[in-house]
There are 2 protein chains.
Amino acid sequence: MNMKSDLAMHSKIIVTVDVALLTVDLESSLSNGLRVGLIRRDAAPYKEALALPGGYVHPEEDDNTAAAARRVLKTKAGKDVRYLEQLATFSGPSRDPRGWSVSVCYVALEDRETMKQWPADLLARVDALPPLAFDHATLIGAAVERIRNKAAYSALPVFLLPDTFTLSELQDLYGRLLGTPLDKSSFRRKVRELGFVEEVSGAFKGGQNRPAQLYRAKEMTIFDRTI
Amino acid sequence: MNMKSDLAMHSKIIVTVDVALLTVDLESSLSNGLRVGLIRRDAAPYKEALALPGGYVHPEEDDNTAAAARRVLKTKAGKDVRYLEQLATFSGPSRDPRGWSVSVCYVALEDRETMKQWPADLLARVDALPPLAFDHATLIGAAVERIRNKAAYSALPVFLLPDTFTLSELQDLYGRLLGTPLDKSSFRRKVRELGFVEEVSGAFKGGQNRPAQLYRAKEMTIFDRTI
DNA sequence: AAAATAGTGTCTGTTAGACATTATAAC
DNA sequence: GTTATAATGTCTAACAGACACTATTTT
């Protein structure tokens, strides 16, 4: 098999990116609160169906697939995403009815406040997904698993919270991701020793009771290498 | 930008797979013993240069990129690989002189005995790589990092050993991957409680001294989901 | 017996979970 | 004061690292 025939075959492959944009709703008490941002497709295939934001890679425009993913999100959400990480690449002859396709899938994290601008009916609970186009339910499952796994040993979940947050909110978030309630004392000990947050001096969040100290993520904690 | 122009642009993208086939040489005392299987390219670009085994995805033949990676390895090594895992996808306009390219990269693990059939001069130490084609040095770096990270909490490294092995060999391997000598007693305690190996009853490995019990990996320990 | 490696036992400092206590606000 | 949540302190059981010890082979 020579290169010419390889190239001939190759040209049939569809190359896209898809992004699982995750956020968490700390209000909802049922389920873990994880939600994913969907779009409603305006073209075939799967016209009118719900799907992850995604699209073709544009070689003239995109410097790599991560840039393509950022461009797609910028188009759909109107702003740059705070955190983007490559998840995995899905491929095969039947996942896209147009033909043999490769989709490089990314996970993005955004806090609930920022996601307010996303249409509420397109923010689906990840544990109760509606029917989705392509194999996007599978991608979301992989994205959720990735973020859950990382919650156990990294500071990454802070991207799911606003710029400032209380330790109780952070604990609630980790508890939801890990699927188990955490002990307050142990959690704070851990957070202190890992040292990825710092007090916002003098800033408190008040409620019906004792106000809580606000914290922010320390500048450039190394969360992960992004490719 | 309509779909037609998208498709037109899209057809320029080169889709390949590359495989970092890793093994470990427990004899070598200098370095960690990790080695990667290379090939010498027989066609442009980078003709005559050293590179990872890889090639175009064949839509007619391959059911997905993992199948393409297995096919490439089968062609180069003549046998099916024991362990294959998707690593990451690398992309961009300049990593391949032929044009905008996407390479889905895989990590494969094989034991040293099996790798004896690989030409010795094409088994490079990962900590002293020769000049390589494309961005393959980067891919190898990512592959090594992945395997090192997994060594800390999984049974995956057993694929770097022959079917049967002694606990001392297993400890040596983990120590090399983790970059630190491990305590014999603690290591055995851990291996016992994780329970991913079992004795091969009556089988011992003799040397200049007390023979060591041989073990094998238990059938279908779950190492990881492969996509 | 000496040498070398396999394999086990024990001690101890650290840590994570459980839970009690104190602190500070609203009402 | 009561109530609610923030924040800290203390106790304990489990565990990991260090290291000593025993076991079994070759020479």
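Proteins get letters first, then strands, A, B, ... in listed order; numbering begins at 1 in each. Atoms considered below: every heavy atom in the structure, side chains included; atoms not considered: hydrogens, waters and symmetry mates.
Computed from coordinates, the L214(B) CG to dA6(C) C1' distance equals 12 Å when rounded to whole Å. Rounded to an integer number of Å, the gap from L182(A) CG to dA6(D) P is 15 Å. One interatomic measurement links the two molecules: NZ of K190(B) to P of dC15(D), which rounds to 9 Å at whole-angstrom precision. Regarding Q171(A), its CD atom lies at a distance of 14 Å from the C1' atom of dT8(D), rounded to whole Å. Between the C1' atom of dT5(D) and the CG atom of L26(A) lies a distance of 16 Å, rounded to the nearest Å. Spacing between atom CD of E193(A) and atom C1' of dT15(C) amounts to 9 Å, rounded to whole angstrom units. Computed from coordinates, the F165(B) CZ to dG7(C) P distance equals 13 Å when rounded to whole Å. Atom CD of Q213(B) is separated from atom P of dG7(C) by 7 Å (rounded to the nearest Å).
Sequence order on DNA chain D of the closest nucleotides to R192(A) and N209(A) puts N209(A) first from the 5' end. If you find the closest nucleotide of DNA chain D to S186(A) and to P211(A), the one lying nearer the 5' end belongs to P211(A). Residue whose closest nucleotide on DNA chain C sits further toward the 5' end, between D183(A) and Q208(B): Q208(B).
Ion pairing between a basic and an acidic side chain is recognised when a charged N comes within 4.0 Å of a carboxylate O; E110(B) and R82(B) show such pairing. Between K205(A) and E169(A) a salt bridge is recorded (basic side-chain N to carboxylate O distance below 4.0 Å). We find that R70(B) and D80(B) are not joined by a salt bridge, their nearest charged nitrogen and carboxylate oxygen being 4.0 Å or further apart. Ion pairing between E85(B) and R146(B) holds under the 4.0 Å rule for side-chain N and carboxylate O.
One N or O donor and one acceptor, one from the side chain of R189(B) and one from the base of dG17(D), sit under 3.5 Å apart. For R210(A) against dA23(C), a side-chain-to-base donor-acceptor contact under 3.5 Å is present. Looking at K184(A), its side chain comes within 3.5 Å of the base of dA7(D) through a donor and an acceptor atom. Remark: the S185(A) side chain and the dG9(D) base include a donor-acceptor N/O pair separated by less than 3.5 Å.
For the pair R188(A) and dA7(D), the criterion of a side-chain N or O lying under 4.0 Å from OP1 or OP2 is met.
With hydrogens and angles disregarded, a donor-acceptor distance shorter than 3.5 Å links the side chain of R176(B) to the backbone of L26(B).
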